[in-house]
Each structure stands twice: as C-alpha cells, then as structure tokens.
There are 2 protein chains.
Amino acid sequence: MKATDAEQLALEERAAILKALAHPSRLMVVDELSRGERCVCELTELVGADMSTVSKHLSVLRDAGIVDHDKRGVKVFYRLRVPCVLNFFTCIEAIRKEKGRRALIADKER
Amino acid sequence: MKATDAEQLALEERAAILKALAHPSRLMVVDELSRGERCVCELTELVGADMSTVSKHLSVLRDAGIVDHDKRGVKVFYRLRVPCVLNFFTCIEAIRKEKGRRALIADKER
DNA sequence: GGATTACTTGGTATAATCGCCAAGTATAAG
DNA sequence: CTTATACTTGGCGATTATACCAAGTAATCC
C-alpha cells in the first residue's frame with residue numbers, strides 16, 4: 001500500500017521534529033531547559049560554541065515548536081514548550097544500553 | 001558548567017539515535033515494523049524508492065540499534081528491536097498539533 | 001552449472017547541515 | 001548621543017546525508 005500525500009506530509013513533519021532534536025548541542029540545551037528557562041548567554045556558556053551558533057540551534061528548536069522564547073530587557077529567555085520530549089531520553093538510554101550489551105556479545109564471539 | 005568528555009560522548013550517541021529516526025522513509029519503516037516483521041522487498045514496495053536506498057535506510061536503523069534482522073532463504077526480515085520508540089509518536093503528534101494551533105493564532109493576529 | 005530473486009555495497013552527483021566570522025538590530029546604561 | 005551588552009542574520013567553506021545506478025554476493029530453482 002502506498003502512502004497518500006497527506007500521510008507523506010505528516011511523515012515529513014514528524015521527521016523534521018526529530019531532526020531538530022538530533023544534535024548534541026540541541027539535546028544539551030533541551031536538557032538544561034528542563035530545569036527552567038535560560039537566556040541565550042547562559043546556553044552559550046553551557047554549549048561552549050559561538051553565540052551565533054547557539055542562536056541558530058535555538059531557532060531550529062523554535063521552528064520545530066519545541067521551545068518558546070521572549071525578550072526581557074536585553075536578554076532573550078528560552079523555555080521548553082513541550083516537556084514530553086523529555087520522555088524520549090528514557091527510551092534512548094535503553095537503546096544505548098542494548099547497543100553496549102550487544103557490542104560486548106559480538107566481542108566475545110570473536 | 002562545562003560538559004565532561006563522557007557527557008559529550010553520551011550526547012553524541014543520543015543524537016545519533018534520534019538522527020537515525022529523523023527521516024520520513026525511516027519513520028514509515030518503523031511504523032510498519034510496529035505491526036510485525038517485514039522483508040526488505042515489502043518495505044521497498046511501501047517506501048516506493050530504489051531497493052538500494054531502502055537497504056541503506058535499514059542499515060542506518062540497524063547501526064542505531066533500533067531494528068534487528070535475519071536472513072531466511074533469500075529474504076532478509078527486519079523487526080523492531082526497541083518498541084519504546086513508538087512512544088515518541090504521541091509526543092511528536094502533540095507538537096504538530098501545537099504548531100498548527102499556534103500558526104492559526106499568528107494568522108488571526110495579522 | 002545457469003538463471004532468478006533478494007539484498008548489499010561502492011561510486012557519484014546533489015543537497016542539506018554545521019560552525020565561525022562579520023555585520024546588523026534592539027535595549028539599557030552612562 | 002555614545003557605548004556596551006545580548007542577540008539574530010547573512011555568507012562562506014567544510015563536512016555529512018541522500019538517492020540513484022551499477023556491480024557484487026548469496027540462496028533457490030531448474
């Protein structure tokens with residue numbers, strides 16, 4: 001059975017959301033924001049990259065609908081808009097552990 | 001606070017797992033595999049791309065530890081190794097709906 | 001053995017992503 | 001009004017991803 005145009009679009013949108021999360025720096029940001037809102041300067045410190053780089057990462061998360069932001073004074077504060085993304089981490093850790101276990105077994109068989 | 005090397009590695013591994021899922025065709029495959037194992041030929045039909053392309057997508061999912069495979073006769077069957085990835089979809093749909101709602105509000109304000 | 005089916009892998013062209021620098025905007029402070 | 005701080009955006013080179021074709025392997029059939 002082939003996918004319809006609407007189904008294809010839905011798949012692309014879902015993939016875009018996952019892609020937005022699929023970067024070490026962006027994961028670091030999401031994790032930090034799970035503990036409360038942060039300004040770009042704080043996140044820049046944390047990530048350890050150029051502020052322009054971090055700003056672009058944040059725009060990716062924004063476009064995906066994962067974070068929200070507002071300006072107060074000179075600072076721009078970001079916060080998690082969809083806390084459910086944090087649930088991903090449990091499953092991802094399970095996959096990591098499985099992979100580690102499997103790599104070990106492969107080693108033994110050699 | 002800066003991240004240690006181990007933390008950085010963990011972030012990269014987590015991002016790699018998400019990246020493996022972050023493609024429309026691969027999401028389609030994962031969804032299909034949630035209903036049981038499938039051979040590459042069935043998945044190729046479903047995705048509607050060259051078999052070599054689908055095979056490479058499957059190798060990405062395999063390397064990420066998301067699917068398993070075994071050969072029986074001429075056919076290679078793939079199945080989900082970590083069903084918990086299916087939980088992602090609920091949250092992703094919530095984000096999609098939120099985005100739709102927000103786009104509507106932005107329209108009204110214009 | 002020869003042909004067929006089901007995959008995988010290498011090569012390659014094209015497109016997307018990433019990170020920095022430089023330049024621009026906006027608010028606040030002196 | 002000038003300066004400084006906090007961001008964002010444009011642009012550029014470098015890396016990475018994606019899709020197809022062609023060629024190779026592996027199991028089955030005749």
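Lettering of chains follows the sequences in order, A, B, ..., and the numbering in each one begins at 1.
- Under the rule for a side-chain hydrogen bond (donor to acceptor under 3.5 Å, both in side chains), B:Asp63 has no partner lying at least two apart in sequence or in another chain.
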N/O donor-acceptor pairs under 3.5 Å from side chains in residues 81-92 of chain B, not counting sequence neighbours:
residue: B:Arg81; atom: NH1; partner: A:Glu98; partner atom: OE1; Å: 2.8
residue: B:Asn87; atom: ND2; partner: B:Cys84; partner atom: O; Å: 3.4
residue: B:Thr90; atom: OG1; partner: B:Asn87; partner atom: O; Å: 3.1

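- The CE atom of A:Met28 sits 11 Å away from the P atom of C:dG19 (whole-angstrom rounding).
- Looking at every heavy atom in both residues, B:Phe77 comes nearest to B:Lys75 through CE1-CB, 3.8 Å.
- To the nearest angstrom, P of C:dT17 lies 17 Å from CG of A:Leu58.
- Mapped onto DNA chain C by nearest heavy atom, B:Lys19 and B:Val54 fall at different nucleotides, with B:Val54 at the one closer to the 5' end.
- Atoms CG (B:Asp70) and C1' (C:dT8) sit 16 Å apart, rounded to a whole Å.
- Remark: B:His69 is not in phosphate contact with C:dC7, judged by side-chain N or O atoms under 4.0 Å from OP1 or OP2.
- A straight line from CG of A:Leu21 to P of C:dC18 spans 12 Å, rounded to a whole angstrom.
- Rounded to whole Å, atom C1' of D:dA6 lies 11 Å from atom OH of A:Tyr78.
- Distance from the side chain of A:His23 is smallest to C:dG19 among D:dC7, C:dC7, C:dG19.
- At whole-Å resolution of the value, CD in B:Glu45 and C1' in C:dA6 are 14 Å apart.
- Evaluation of the side-chain hydrogen bond (donor to acceptor under 3.5 Å, both in side chains) rule for A:Ser52 yields A:Asp50 as partners, not counting sequence neighbours.
- Legend: side-chain hydrogen bond (donor to acceptor under 3.5 Å, both in side chains) pairs involving residues 9-18 of chain A, not counting sequence neighbours, sorted by first then second residue: A:Glu13-B:Arg96, A:Arg14-B:Glu93.
- Among the heavy atoms of the strands, none lies under 4.0 Å from B:Phe77.
- Following rounding to the nearest Å, A:Lys75 (NZ) and C:dA29 (P) show an atom-to-atom distance of 12 Å.
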Determine all donor-acceptor pairs shorter than 3.5 Å in which one atom belongs to a side chain in residues 19-31 of chain B; sequence neighbours excluded.
residue: B:His23; atom: ND1; partner: B:Ser25; partner atom: N; Å: 3.1
residue: B:Arg26; atom: NE; partner: B:Ala20; partner atom: O; Å: 2.6
residue: B:Arg26; atom: NH1; partner: B:His57; partner atom: ND1; Å: 3.0
residue: B:Arg26; atom: NH2; partner: B:Lys19; partner atom: O; Å: 3.2
residue: B:Asp31; atom: OD2; partner: B:Arg35; partner atom: NH2; Å: 3.1

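- In terms of heavy atoms, B:Lys71 sits closest to B:Val74 at CE-O, 4.1 Å.
- Atom pair A:Arg62:CZ and D:dC7:P shows a separation of 12 Å (rounding to whole Å applied).
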Scoring nucleotides 20-30 of chain D by protein non-hydrogen atoms under 4.0 Å (B base, S sugar-phosphate only, - none) yields BBB---SBS--
